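What follows is a set of notes on a single structure, which appears directly below.
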Amino acid sequence: MLITDVIRKKRDRGELSAEEIEFFVAGVTDGSIADEQVAALAMAVFLNSMTFEEASRLTRAMAASGTMLDWRADELGGPVVDKHSTGGIGDKVSILLAPIAAACGCYVPMISGRGLGHGGGTLDKIEAIPGYNAVPSLEQFRKVVASIGCAIIGQTRELAPADRRLYAIRDVTATVESKPLIIASILSKKMAAGLGALVMDIKVGSGAFMATMDEARSLARGIIGTARHSGVDTHALITDMNENLGTSCGNALEVCEAVRYLTGEVLEPRLHEVVLMLAVEMLLLGGLDSDRTAARKRAEGALSSGRAAEVFGRMVSALGGPSDFVERYESHLPRAAVRKPVAPAESGYLQAVDGHAFGHAVISLGGGRRRRDDELDLSVGFSEVAPIGSEVGADAPLATVHAASTEAAELAAGMLRGACTIGPEPPPPRPVVYETLTAADSPG
C-alpha cells in the first residue's frame, strides 16, 4: 500500500477503509510517513470530511497506536471520568475541574494537549509550574490518579502516539478545525486513558474553532455518537467563547487565576458557571449523583470547603511541583518584565471581541506557537481582562498586558484594541452555557 494512493483517494472524496486508515496511523506512529504527507492527508480530510464510520475507524486506530490503560485492577472505588474542551481563549477550566471532580469522588486521568491555533493549551499552562512533570511514566501517572484522584498530564510516548504527532502537524497546517480530526484526536486520547465516561465542552463563538451553533451541535453529536460506538458514555455542553473566559489569558497568568479560583479569592461568574455545570455532568455520568441539583451542591461544597484546592496542591507536588505551590504560587510562577494597562481607543461600553484576534495578540507576545517547534514565553499574556458589557475608558482599561519588552507590549496592545468593538450602549447579555446534549441527541 502506498500513502500517495491513500491521499489521492481521500482527495477525490473516497471513503478510506479500515486497512487504509490503520496503514496511515501506523506510518504516523513510526515516522515512515513524512510530515508533508501527513499534512496532505489532513488537508484532504479537512476539505472532504469523513463518514461516521471513517471517523470511528480513525479514532480506534489512533487509540490503539500505543498503550491502552485499564483501571479495573486498581480498584479505585469511584468512577473514571474526564472532561475535554475544544479550546478557546483563556480556557483554564481543566485546571479547575479536575481537582473539583476528584474532591467529589471521581478519578480523573486527564491527558491534555498543547495550544492549537489561536487557543491556549492546558499542557502549556500547567507546565508554567516549576518542576511539574507533565509527561510522567505511566506507572507514576497511575499512582497519582489512584492516590490523589486526578493527574493532568500530556501525552506520553505510550499513550496514543499517533495523535501526538498528528496534533502537532494540524496546529501548523490550518487543519485544526476539521471535525473528524478533532473527534479522533479527542477520543483516541480518552480511550487510551481508560475512561468510563466523558464530558465535552464544545466552545462556540468568535474565539472558538466552531463559529456557529450548527457547527457546534454537529461536532457535539459526532463526538457523542463516536464515543458511544467505542463504549464511552458522553455528554456535551455547548458554551460561549465570544470573549476571554475568566480574567486572564496567557499560561502562567491563567495558572494564577486558577489558584485564586480554587482558594475562593476570585470567582469570575462566567468561568464559575462553566466549571460547575461541567462538574455536574461528570458527577451524573459517574453515578455519584442522580440529579443536577444534588450534583451542583456536591461540587460547590468541594470548592467552598477547600478540598479541591487541597487536591490540586497534592497533585502538583506529586508530579514534581513545589509542595507549597497553592500557598506561594505568585513566588513560583514566571513574571513578565513589562506590565502595562491597555487603554481603549475610545470610551464607551465593550460590545464585542474578535476572539481569534485576541488569541493572536497572545501569540505575538510569545505565549502561543506560530510553528510546531516554537518555544513559549510562559510569563506573557493579559490579565484583568474587561468582560463584554463593561464600561471602558482612560481609567478603565481593556486589560493589562504582560510582555518581555515595551515594543512587544505595544504591538500586542494595538492588536487587542483592534479586536475590540466599543459603543455607546452595553450589548444584551448572553448565556455562557447554551445547551446540554446527551446520547439521546446523537445518531450512531
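Since this is a predicted model, take the numbers as computed values, not measurements.
Between E257 and K125, none of the side-chain N atoms (NZ, or NE/NH1/NH2) sits under 4.0 Å from a carboxylate O, so this pair counts as no salt bridge. Contact check on R270 versus E243 returns a salt bridge, with a Lys/Arg side-chain nitrogen under 4.0 Å from an Asp/Glu carboxylate oxygen. A salt bridge is defined here as a Lys NZ or Arg NE, NH1 or NH2 lying under 4.0 Å from an Asp or Glu carboxylate O, and E19 with R57 fails to meet this definition.
Not counting sequence neighbours, the partners of V266 by the side-chain contact (heavy atoms from CB on, under 4.5 Å) test are R260. Taking S188 as the reference, nothing meets the side chain to side chain donor-acceptor pair (under 3.5 Å) condition, with sequence neighbours excluded. For E273, the side chain to side chain donor-acceptor pair (under 3.5 Å) test picks out R296, with sequence neighbours left out. By the side-chain contact (heavy atoms from CB on, under 4.5 Å) test, S112 is found to be paired with M110, T122, I152, residues two or more places apart in sequence or in another chain being considered. In this view, S185 and D163, K189 satisfy the side chain to side chain donor-acceptor pair (under 3.5 Å) rule, not counting sequence neighbours. Evaluation of the side-chain contact (heavy atoms from CB on, under 4.5 Å) rule for S218 yields K179 as partners, not counting sequence neighbours. The side chain to side chain donor-acceptor pair (under 3.5 Å) test applied to K9 returns E20, not counting sequence neighbours. With sequence neighbours excluded, the residues forming a side-chain contact (heavy atoms from CB on, under 4.5 Å) with P136 are N133, Q140, F141, I153, L319, listed by chain and number. By the ring pair (Phe, Tyr, Trp, His ring centres under 6.0 Å) test, H332 pairs with no residue at all, sequence neighbours left out.
Minimum heavy-atom separation, C249 to G90: SG-N, 3.7 Å. Between S383 and H402, the closest heavy-atom pair is OG-NE2, 2.7 Å. Considering every non-hydrogen atom in both V81 and P109, the closest pair reads O-CD, 4.1 Å.
For the atom pair CD1 (I111) and CG (D82), the distance works out to 8.0 Å, reported to the nearest 0.5 Å. For the atom pair CG (N251) and CG (D377), the distance works out to 9.0 Å, reported to the nearest 0.5 Å. Between the CZ atom in R228 and the CG atom in D233 there is a gap of 8.5 Å [rounded to 0.5 Å]. Atoms CG and CZ, on L187 and R60 in that order, are 11.5 Å from each other to the nearest 0.5 Å. Once rounded to the nearest 0.5 Å, the distance linking CG of D12 with CD1 of I7 reads 11.5 Å. Between atom CG of residue L219 and atom OG1 of residue T86 there is a gap of 6.5 Å, rounded to the nearest 0.5 Å.
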Inset, instruction - Determine, step by step, whether R165 and D35 satisfy the salt bridge (Lys or Arg N to Asp or Glu O under 4.0 Å) criterion, reporting the C-alpha distance in whole Å, the side-chain angles of both residues, the deciding distance to 0.1 Å, and the verdict. - result: CA-CA 9 Å; R165 183 173 175 221; D35 280 6; 2.7 Å; yes
Inset, instruction - In sequence, state the C-alpha distance, the side-chain angles, and the governing distance for D201 and K203, and then conclude on salt bridge (Lys or Arg N to Asp or Glu O under 4.0 Å). - result: CA-CA 6 Å; D201 181 4; K203 302 294 188 186; 2.8 Å; yes
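Other residues, nucleotides and ligands contribute over 12 non-hydrogen atoms within 6.0 Å of the CZ atom of R430. By the 6.0 Å contact criterion, CD on E139 is open, its count of non-hydrogen atoms from other residues, nucleotides or ligands being 12 or less.
Listed by first and then second residue, the salt bridge (Lys or Arg N to Asp or Glu O under 4.0 Å) pairs involving residues 208-220 are D214-R217, R217-E435 (not counting sequence neighbours). Within the structure, ring pair (Phe, Tyr, Trp, His ring centres under 6.0 Å) pairs that include any residue of residues 260-286 comprise Y261-H272 (at least two apart or interchain). Residue pairs meeting the ring pair (Phe, Tyr, Trp, His ring centres under 6.0 Å) criterion with at least one partner in residues 76-103, sequence neighbours excluded, are absent.
Ring-centre distance between F358 and F382: below the 6.0 Å cut-off.
Judged by distance alone, the side chains of T400 and E384 do bring a donor and an acceptor atom under 3.5 Å apart.
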